[in-house]
Student: 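Quick one: this structure, given as structure tokens, is what I'll be asking you about.
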2 protein chains.
Amino acid sequence: MKSSLPEATVGRLPLYLRALGIVSATQVTVSSDQLADLAGVKSAQVRKDLSYTGSHGVRGVGYDIAELRSQIAVALGLQAECAIAIVGAGNLGSALANYPGFGGSGFKVVAILDIDRAKVGQDIHGITVQDLAELEPVVDTLEVGIVVIATPADAAQEVADRAVKAGVRSILNFAPTVLKRPDDVHVRRVDLSTELQILSFHLHDLHATA
Amino acid sequence: MKSSLPEATVGRLPLYLRALGIVSATQVTVSSDQLADLAGVKSAQVRKDLSYTGSHGVRGVGYDIAELRSQIAVALGLQAECAIAIVGAGNLGSALANYPGFGGSGFKVVAILDIDRAKVGQDIHGITVQDLAELEPVVDTLEVGIVVIATPADAAQEVADRAVKAGVRSILNFAPTVLKRPDDVHVRRVDLSTELQILSFHLHDLHATA
DNA sequence: TAGATTGTTAATCGATTAACAATC
DNA sequence: TAGATTGTTAATCGATTAACAATC
């Protein structure tokens, strides 16, 4: 699977987008140096990343903020609204449903599902929890593009399998498992205990040198 | 800042640890091939990663699971219990406090702080929410090693600055901001809207080739 | 023009991987 | 011994970065 943009670049474009939101309050154009500072990277990196999106900066001036924003949005495919289904209505699933970043900027949580009958029918932030059995029709009817897995680890693989079978090609996995899936299915893993363990390493890394 | 292990390796060790937990139910030794399969990487990668930790596999046999577990735990600094303070007692902060991965495996949430007086005094999963003003004494007294920032974006930098000043060197940041900090402070960023935007890219990446 | 900043090159760096000798 | 699997090398791949000509 080769993509039109380097994966690392794709991961930084959202940072630039956020930086543009900040500078747009006071400026019309922005330099790669400013963006680099706000995104925590080098300016050469910014220029290279932006060149992939076909951006057009002006030498001696910088990038037009409005133009760049829409160019990045197009590159990331953010024009179309994207429907999200969250599986798992526990603490995390509920928090995610409430997360402002999910609602804003083209993403919309259209369904929350859980296997626990006690949770089915509950209202979370205006969305009624549905039975997990409804996953396939929900994906189909509501044209779900991204499934967020917020279940315990042992349920994650089965949910992923079903989602993939139903046509989903993008999964955001919060369960602490590495999901098996076909090559054309993209999975982003957000693993809190892994993050902690990585920080733990640095906390104790006595061999580190400045 | 140069570390004793490649950063990419550090990020994979937790996966191997989890895989070891799975295979330990049925086996005493494990091959790099098995670990690779469970972690979703190549076996050569596993062997290389493990070689950094000073592991000792046996040719023709594999790795002793118990030995490997403790070797990885040592490499990640997981022997000592690590105290965590969560800043922000909103939906996300509360969910994090309840997250099983935080409690288990050597990490312990010792404090939750919030600037909102209405939340101070509330009980979250057995921990009383404290006033954010208490951050410094809490870090000091409870020997907090990791601060988790679960505040809105506009509060994150200030919280980080104060935590760093109080001696914290590891931050897990859930706020959608790139934090400025000294070189010796490690920040892991978990950004849900960035994850979604990355998935959005792949969803629309028509130039992708198999 | 003088100053600023882009776009791109080429060098560098680091990480991945296939392959295989070593050896249990 | 024969089979399995490690540890490590060397090749490859991809990503970062300094540097600077181009040019607004």
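Chain identifiers are assigned alphabetically (A, B, ...) following the order of the sequence lines, protein sequences preceding nucleic acid strands; residue numbering begins at 1 within each chain.
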Student: Could you pull out all residues at least two apart from A/R181 that satisfy salt bridge (Lys or Arg N to Asp or Glu O under 4.0 Å)?
Tutor: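 Partners of A/R181 by the salt bridge (Lys or Arg N to Asp or Glu O under 4.0 Å) criterion come out as none, since no residue qualifies.
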Student: Show every donor-acceptor pair shorter than 3.5 Å between a side-chain atom in residues 57-70 of chain B and any protein atom, with sequence neighbours excluded, or say none if there are none.
Tutor:
unit_1: B/D64; atom_1: OD2; unit_2: B/A66; atom_2: N; d: 3.4
unit_1: B/D64; atom_1: OD2; unit_2: B/E67; atom_2: N; d: 2.9
unit_1: B/S70; atom_1: OG; unit_2: B/E67; atom_2: O; d: 3.3

Student: List in numerical order all residues of residues 33-43 of chain B for which some heavy atom is under 4.0 Å away from an atom belonging to DNA chain C.
Tutor: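 Those residues whose heavy atoms fall under 4.0 Å from DNA chain C, taken from residues 33-43 of chain B in numerical order, are B/K42.
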Student: What residues form a side chain to side chain contact (heavy atoms under 4.5 Å, CB included) with B/T9, not counting sequence neighbours?
Tutor: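 Side chain to side chain contact (heavy atoms under 4.5 Å, CB included) list for B/T9, sorted by chain: B/L5, B/P6, B/R12, B/L13, B/D49, B/Y52.
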Student: Not counting sequence neighbours, list each pair that qualifies as a side chain to side chain donor-acceptor pair (under 3.5 Å) and has a residue in residues 141-160 of chain A.
Tutor: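 Every pair satisfying side chain to side chain donor-acceptor pair (under 3.5 Å) with a residue in residues 141-160 of chain A: A/Q157-A/D161.
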Student: Nearest-Å distance, CD (B/Q45) to P (D/dT12)?
Tutor: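 Roughly 18 Å, once rounded to whole Å.
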Student: For B/A153, enumerate each residue passing the side chain to side chain contact (heavy atoms under 4.5 Å, CB included) test, keeping only those at least two apart in sequence or located in another chain.
Tutor: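 Testing B/A153 for side chain to side chain contact (heavy atoms under 4.5 Å, CB included), a comparison that skips the adjacent residues, returns B/P176, B/T177.
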Student: Taking all atoms of both residues into account, what is the closest heavy-atom pair of A/S43 and A/D33, and its distance?
Tutor: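 Nearest heavy atoms, A/S43 then A/D33: CB-OD1, 3.5 Å.
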Student: Atom CG of A/D49 to atom C1' of C/dG7: distance rounded to whole Å?
Tutor: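 About 13 Å, once rounded to whole Å.
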Student: For every nucleotide of nucleotides 19-24 of chain C, 5' to 3': is a protein heavy atom under 4.0 Å from its base (B), only from its sugar-phosphate (S), or from neither (-)?
Tutor: B--BBB
Student: Holding to salt bridge (Lys or Arg N to Asp or Glu O under 4.0 Å), I want the full list of residues that pass it with A/R162, two or more places apart in sequence or in another chain.
Tutor: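 For A/R162, the residues satisfying salt bridge (Lys or Arg N to Asp or Glu O under 4.0 Å) (neighbours in sequence not counted) are A/E136.
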Student: Please enumerate all residues that pass side chain to side chain contact (heavy atoms under 4.5 Å, CB included) together with A/D37, with sequence neighbours excluded.
Tutor: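 If we apply the side chain to side chain contact (heavy atoms under 4.5 Å, CB included) test to A/D37, skipping adjacent residues, the hits are B/K180.
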Student: If you count every heavy atom of other residues, nucleotides or ligands that lies below 6.0 Å from B/I127 atom CD1, does the total exceed 12?
Tutor: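 Check passes, neighbour count above 12.
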Student: Round to a whole Å and report the spacing from CD of A/E7 to C1' of C/dT16.
Tutor: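 Value for this atom pair: 16 Å.
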Student: Quick one: is C/dG7 close enough that its OP1 or OP2 comes under 4.0 Å of any side-chain N or O from A/Y63?
Tutor: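 Yes, because at least one side-chain N or O of A/Y63 sits under 4.0 Å from OP1 or OP2 of C/dG7.
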Student: Could you check whether any side-chain heavy atom of A/L35 comes within less than 4.5 Å of a side-chain heavy atom of A/L50, counting everything from C-beta outward?
Tutor: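 A/L35 reaches A/L50 side chain to side chain.
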Student: Using a 3.5 Å distance criterion without hydrogens, assess whether the side chain of B/N91 forms a donor-acceptor pair with backbone atoms of A/N98.
Tutor: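 Not at all, since once roles are kept as given, no pair shorter than 3.5 Å links the two residues.
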Student: Which helical stems does DNA chain C take part in, if a stem means at least 3 consecutive Watson-Crick or G-U pairs with both distances below 3.5 Å?
Tutor: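 Listed by first number, the stems are C:3-24 with D:3-24.
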Student: For B/Q130, enumerate each residue passing the side chain to side chain contact (heavy atoms under 4.5 Å, CB included) test, keeping only those at least two apart in sequence or located in another chain.
Tutor: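 B/Q130 satisfies side chain to side chain contact (heavy atoms under 4.5 Å, CB included) with B/A111, B/L113, B/E134, B/V138 only.
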Student: When the distance from NZ of B/K48 to P of D/dA11 is rounded to whole Å, what number comes out?
Tutor: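 In whole Å, D/dA11 P and B/K48 NZ are 14 Å from each other.
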Student: Under a 4.0 Å heavy-atom cut-off, which of residues 14-31 of chain A touch DNA chain D?
Tutor: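 Contacting residues: none.
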Student: Send over the distance from A/L68 CG to C/dT6 P, rounded to a whole Å.
Tutor: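 In whole Å, C/dT6 P and A/L68 CG are 11 Å from each other.
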Student: Send over the distance from B/Q71 CD to D/dG7 P, rounded to a whole Å.
Tutor: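 Checked: the CD to P distance equals 10 Å.
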Student: Around atom CD1 of A/I115, are there more than 12 heavy atoms of other residues, nucleotides or ligands at under 6.0 Å?
Tutor: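 Open: at most 12 neighbouring heavy atoms sit under 6.0 Å from CD1 of A/I115.
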Student: Of the non-hydrogen atoms in B/A39 and B/L15, which two are nearest, and what is the gap between them?
Tutor: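 Closest approach of B/A39 to B/L15, heavy atoms only: O-CD1, 3.8 Å.
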Student: Give one of base, sugar-phosphate or nothing for B/T9, where a contact means two heavy atoms less than 4.0 Å apart.
Tutor: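 B/T9: no heavy atom of the nucleic acid under 4.0 Å.
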Student: Does a side-chain N or O of B/S32 approach OP1 or OP2 of D/dT5 to a distance below 4.0 Å, or not?
Tutor: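 It does not, given that no N or O in the side chain of B/S32 lies less than 4.0 Å from OP1 or OP2 of D/dT5.
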